[in-house]
Protein chains: 2
Amino acid sequence: MKKMDKRELIITATCDLIAENGLQATPISMVAKEACCGAGTIYRYFETKEALIEDVYLTLMERFSDACLKDVDENASVREQLNTVWLNLYHYMREVPRDALLLDQLSVAPAIRGELQEQGKRRLKEKIDPLFARGREEGIIKDIPDDVLGVFVYGGISTLLRTDRNAPCAVPTEVTDDMLLSICWGAIEKRD
Amino acid sequence: MKKMDKRELIITATCDLIAENGLQATPISMVAKEACCGAGTIYRYFETKEALIEDVYLTLMERFSDACLKDVDENASVREQLNTVWLNLYHYMREVPRDALLLDQLSVAPAIRGELQEQGKRRLKEKIDPLFARGREEGIIKDIPDDVLGVFVYGGISTLLRTDRNAPCAVPTEVTDDMLLSICWGAIEKRD
DNA sequence: TAAATCGGAATGAACGTTCATTCTGATACT
DNA sequence: AGTATCAGAATGAACGTTCATTCCGATTTA
């Protein structure tokens, strides 16, 4: 019980520092200081720095999945459910830029290899893939593989937010929920 | 003149190594070996490693802009011109994964700060922004800021390719040009 | 030959990791 | 209860490695 506290303290400290300074600019010594412990202590909980980073990534993806799937009503229409997921994604990354930055940093880290990335995305995919399948059955989604459509929309939203973060002085355009959904659905919706 | 040869040799070597091994895994000594010169020589051409990285980034963005704007016919319709740009983008990143990987690495590098990023994208923006403006005048593009639409589509395409690169064992789905354009236009096209 | 250029060993700083030691608080003994 | 003993958690100085950068003797150029 007490021990888990310290473990999580280290993970939280690492999240904060990587989001703020970047991965290669957060030495273990800095994590130790932020977590109020000695450098050696970190190695009681994590075999190597790489293992720590992996744990940080999985923790992040857990939060991320929770946020995206919040309030998704399994009984609602495909359209409503996807709307919820996309708006969740958009608002989460906008309101918790720390996690969005962290994700950017970790997604090019050598420690995060293919298999781990799969594991991180699994929960999200398991929920969303069936939604696309249903949408296709109902004839409201383009005849293009789900992965292509889903990844395209995810990439669009996350890149939009990243660009906004990088240019804080640019037009502070308010992207409304309606605008966002119009773009997302336009991309995947089948039209006759 | 001769010096430029060596300078470019160093930049090319850096491109290759970063694309292959990642930024923090390519020490100057390795660049020197790849470029067949001593470590000291690199410092005759670049003040610091950071300056070298900046040059690599600008060189990359030049190639990238060239590729995207190739064969864009100023007299063609907005639709045709955007089609050309998007397909250029897609095919370039697919056929030259080295540059796509490099862009991923550099876009989170601390050396690539906001202003430099602006500079890298400038040429592309100067060509594409007027296209969107014309499209809006013609009433074929959504009433949503150009930046939002443009960045969304760019993000979608590049994320699609990145995902494909990361999971080489996944479905080797052939995304046809028609599919891609259907998605891109769906995202930005105004419908009545 | 004089000047410019080059190469790669040398340098020093920074980093991940280790380990001998200290601290803590629970248990056993008197 | 008070003291002694102990296990394992925590510590941070020290170590070896890696890296960017410098320096100087060798080499090319003019």
Side-chain angles (χ1 to χ4, degrees), chain A residues 1-60 102 105-106 108-113 116, chain B residues 1-60 102 105-106 108-113 116:
Chain A
M1 184 70 87
K2 293 179 215 162
K3 317 192 175 173
M4 271 308 139
D5 275 353
K6 179 138 282 191
R7 204 189 139 88
E8 278 169 22
L9 200 63
I10 293 169
I11 290 182
T12 303
T14 311
C15 286
D16 289 343
L17 291 171
I18 291 180
E20 190 158 352
N21 309 322
L23 177 53
Q24 78 273 34
T26 76
I28 287 286
S29 59
M30 198 181 289
V31 174
K33 195 179 294 179
E34 179 85 5
C36 300
C37 70
T41 306
I42 292 173
Y43 286 83
R44 297 196 61 75
Y45 295 95
F46 304 94
E47 198 133 338
T48 62
K49 188 188 187 185
E50 189 166 300
L52 167 60
I53 301 300
E54 288 176 10
D55 251 59
V56 164
Y57 175 73
L58 291 179
T59 304
L60 169 70
L102 190 52
Q105 290 289 327
L106 294 187
V108 300
I112 312 300
R113 295 239 64 66
L116 202 74
Chain B
M1 186 66 86
K2 291 182 216 160
K3 315 192 177 173
M4 271 308 139
D5 275 353
K6 181 142 283 194
R7 205 188 140 86
E8 279 170 22
L9 199 62
I10 292 169
I11 289 182
T12 303
T14 312
C15 285
D16 289 343
L17 290 172
I18 292 180
E20 189 157 353
N21 309 323
L23 177 54
Q24 77 275 33
T26 76
I28 287 286
S29 59
M30 200 181 286
V31 174
K33 194 179 294 178
E34 179 85 5
C36 299
C37 69
T41 306
I42 292 174
Y43 285 84
R44 299 198 62 74
Y45 295 95
F46 304 94
E47 198 134 337
T48 63
K49 186 187 187 185
E50 189 166 302
L52 166 60
I53 302 299
E54 288 177 10
D55 251 60
V56 164
Y57 175 72
L58 291 178
T59 305
L60 169 69
L102 190 52
Q105 290 290 325
L106 294 186
V108 300
I112 313 299
R113 296 240 62 67
L116 202 75

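Each chain gets a letter, A, B and so on, in the order the sequences are listed, and its residues count up from 1.
Distance B/K49 NZ to D/dC19 P: 8 Å, rounded to the nearest Å. B/R7 has its CZ atom 13 Å from the P atom of C/dC6, to the nearest Å. When the C1' atom of D/dC19 is taken as reference, atom CD1 of B/I53 falls 13 Å away, rounded to whole Å. Rounded to whole Å, atom P of D/dG12 lies 12 Å from atom CD1 of A/I42. B/F46 has its CZ atom 18 Å from the C1' atom of D/dT22, to the nearest Å. Remark: C1' of D/dA9 and OH of A/Y43 are 17 Å apart, rounded to the nearest angstrom. Atom C1' of nucleotide C/dG16 and atom CD of A/Q24 are separated by 15 Å, given to the nearest angstrom. Whole-Å rounding puts the B/L9 CG to C/dC6 P distance at 11 Å.
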- Derivation and outcome, side-chain contact (heavy atoms from CB on, under 4.5 Å), residues A/V31 and A/K49: CA-CA 10 Å; A/V31 174; A/K49 188 188 187 185; over 6 Å; no

- Task: Walk me through it: do B/N21 and B/M30 pass the test side-chain contact (heavy atoms from CB on, under 4.5 Å)?
- Result: CA-CA 11 Å; B/N21 309 323; B/M30 200 181 286; 3.7 Å; yes

- Do A/T26 and A/E34 pass the side-chain contact (heavy atoms from CB on, under 4.5 Å) test, and can you show the C-alpha distance, the side-chain angles, and the key distance before you say yes or no? CA-CA 11 Å; A/T26 76; A/E34 179 85 5; over 6 Å; no

- Message: Evaluate B/I53 against B/I18 for side-chain contact (heavy atoms from CB on, under 4.5 Å), listing each step before the verdict.
- Response: CA-CA 10 Å; B/I53 302 299; B/I18 292 180; 3.7 Å; yes

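Between A/A25 and A/G40, the one whose closest nucleotide on DNA chain C sits nearer the 5' end is A/A25.
Not one side-chain nitrogen or oxygen of B/K6 sits closer than 4.0 Å to the OP1 or OP2 atom of C/dA4. In this model, the phosphate group of D/dA9 is not approached by any side-chain N or O of A/Y45 to a distance below 4.0 Å at OP1 or OP2. Residue A/T41 has a polar side-chain atom (N or O) positioned under 4.0 Å from OP1 or OP2 of D/dT11.
Candidate nucleotides D/dA10, C/dT5, D/dT21 were compared by shortest atom distance to the side chain of B/R44, and C/dT5 ranks first. Ranking D/dT21, C/dC6, C/dT17 by closeness to the A/T48 side chain, first place goes to C/dT17. In this structure, of D/dT21, C/dG16, D/dA20, it is C/dG16 that holds the atom nearest to the side chain of A/P27.
By the 4.5 Å heavy-atom criterion applied to side chains, B/I11 and B/Y45 are not counted as neighbours.
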